[in-house]
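So you know, we letter chains A, B, ... as the sequences are listed, proteins then strands, and number each from 1.
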Amino acid sequence: VFGNKGVERQSRDREGVALTPEIFKKLKEADWKLIHPALVVHVVYRARNHGIRSGQPYSELIRGNAPQDIAQEVIKRVFSGARPWDPERGELLPYLKLQADGILDALFDSAAARHESHSPGAPSGGDDDEHTSRNDMIANAPTLASPPEEQIHASRVLGRLFEATGSDPGAQAILVALMDGCEPKTRFLAEELQVSREEITNRHKRLRRRALAEDGK
Amino acid sequence: VKDTPKTEAALLGRLVDLFDEEGPTTTDEIDAELRAAGIDPVELRASTDVVVEAAAKASPYHWRNRAAQERAAAEREFSQSSVPMKAPRNEIVTEIRKILGRLPALGSAPLAQVHCRNFEKSTDEDLASLLAELRFLEARQRGPDGSR
């Protein structure tokens, strides 16, 4: 008998997308057995990637939040209407990943701020010979635009990656292409290196494994 | 024009951007990534129903929450819009009978069930309240444009 106007008003977001009974039904019927683990692994994957970038431990980056908690928060938000999904604008999983990215970016920013405020200064860059086999182009790159600690971390990881990929020219070619200014997109790298996108994906997966191994993440 | 990274940090950032572009796709890759973060993939999948059900139950569109909200909204609307009629008792009873004649289903409303059996035993105030409720329910059934 009674309408849902009040409920819909509560669910309306800034862009005018609202949770409706139809969308709620679609959410309930979504294949969560696939979506939920995929969302959690997205959070894990991005947090570990950011660990490679920043040098901060994965657990520190998400500040005690389990990846499952972040995924759960995202799911709660779409069901509550705080972040309503519009099926006409795209599929559910990419939308949930986008929402998770928003939370992660805020956590990463917060972690960076904490890290800076607690940092006693630039840490040791490690052994001198870490840099010996690094590509000259990297060694000669100016280093003025980033904080010293970030530079030292990047220098160490890249140096080790170049060493480690000495026996994997395919993976090293990606590093060189990125250094040459190629966009960090699979399709551009495939064009640049004249190989298939699948090959680029396989190569960057090898690079990532090495980067994680080098940094112990 | 190619935009070459100016620092090693920028280059590493681009490499991570590339990693971010495409995550693990196969079950093996997904499980390996989860395990590396200390998450048991089997336990995670087992928790899915609980997580989703909890989110759905907290939603304003879950049937329980919806019913409560609708009830509260109706009560608010009724209290704001319905003023008991101040009229002679026989006019109130006539009006009640007219509404029940137009919409017999309203006779099942709780107040109507109590009072319609024997109007003589109901007080003037009870009858006025019943009329107000029946008018409210009739208006709701008609809809905002007056149609049924």
Are any side-chain N or O atoms of B:Ser59 and backbone N or O atoms of A:Phe79, one a donor and one an acceptor, separated by less than 3.5 Å?
->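 Checking the backbone N and O of A:Phe79 against the side chain of B:Ser59, a donor-acceptor pair under 3.5 Å is found.
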Would you find a donor on one side and an acceptor on the other, under 3.5 Å apart, between the side chain of B:Tyr61 and the backbone of A:Ile23?
->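 Checked: no pair found.
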Do A:Arg53 and B:Asp17 pass the salt bridge (charged side-chain N to carboxylate O under 4.0 Å, His left out) test, and can you show the C-alpha distance, the side-chain angles, and the key distance before you say yes or no?
-> CA-CA 9 Å; A:Arg53 187 198 308 260; B:Asp17 287 344; 3.2 Å; yes
Heavy-atom neighbours of B:Glu29 CD exceed 12 at 6.0 Å | yes
When rounded to the nearest 0.5 angstrom, what distance separates [atom1] in [X] from [atom2] in [Y]?
| X | Y | atom1 | atom2 | result |
| --- | --- | --- | --- | --- |
| A:Leu34 | B:Arg45 | CG | CZ | 9.0 Å |
| A:Glu150 | B:Thr7 | CD | OG1 | 7.5 Å |
| A:Leu212 | B:Phe19 | CG | CZ | 7.5 Å |
| A:Leu175 | B:Leu11 | CG | CG | 6.5 Å |
| A:His153 | B:Glu8 | NE2 | CD | 11.0 Å |

Top of B:Ala54, B:Ala55, B:Gly13, B:Pro41 for chain A proximity - count of heavy-atom pairs under 4.5 angstrom |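 Top option by heavy-atom pairs under 4.5 Å: B:Ala55.
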Counting only non-hydrogen atoms closer than 4.5 Å, does [X] touch chain B with its backbone (N, CA, C, O), its side chain (CB onward), both, or neither?
| X | answer |
| --- | --- |
| A:Ile35 | neither |
| A:Phe24 | side chain |
| A:Lys205 | side chain |
| A:Leu207 | both |

A:Lys28, A:Glu183, A:Arg46, A:His50: which one forms the most heavy-atom pairs within less than 4.5 Å of chain B?
->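 The residue among A:Lys28, A:Glu183, A:Arg46, A:His50 with the greatest pair count is A:Arg46.
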List in chain and number order the residues that pass side chain to side chain contact (heavy atoms under 4.5 Å, CB included) with A:Glu73, two or more places apart in sequence or in another chain; answer none if no residue qualifies.
->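 A:Lys76, A:Arg77, A:Ile103.
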Considering all heavy atoms of both residues, which atom of [X] and which atom of [Y] are nearest to each other, and what is their separation?
| X | Y | value |
| --- | --- | --- |
| B:Leu12 | A:Ala154 | CD2-CA, 3.7 Å |
| B:Leu18 | A:Thr186 | CD1-N, 4.0 Å |
| A:Pro37 | B:Leu44 | CA-CD2, 3.8 Å |

Given side chains that start at C-beta, do those of [X] and [Y] come closer than 4.5 Å, heavy atoms only?
| X | Y | answer |
| --- | --- | --- |
| B:Ser47 | A:His36 | yes |
| B:Val51 | A:Gln68 | no |
| B:Leu15 | A:Pro184 | no |
| B:Pro5 | A:Leu178 | no |
| B:Thr4 | A:Met179 | no |

Side chain to side chain contact (heavy atoms under 4.5 Å, CB included) evaluation trace for A:Arg208 with B:Val16 = CA-CA 8 Å; A:Arg208 181 174 180 268; B:Val16 173; over 6 Å; no
Ionic contact status for A:Lys33 with B:Asp49, cut-off 4.0 Å | yes
Salt bridge flag under 4.0 Å for residues A:Lys97 and B:Asp20 |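 Between B:Asp20 and A:Lys97 there is no salt bridge, as every charged N stays at least 4.0 Å from the carboxylate O atoms.
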Using non-hydrogen atoms and a 4.5 Å limit, figure out which bit of B:Ala58 sits close to chain A: side chain, backbone, both or neither.
-> neither
Contacting moiety of B:Glu22, where chain A heavy atoms sit under 4.5 Å |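 It is both, since atoms from each part get that close.
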Under the ring pair (Phe, Tyr, Trp, His ring centres under 6.0 Å) rule, collect the residues that match up with A:His42, sequence neighbours excluded.
-> none
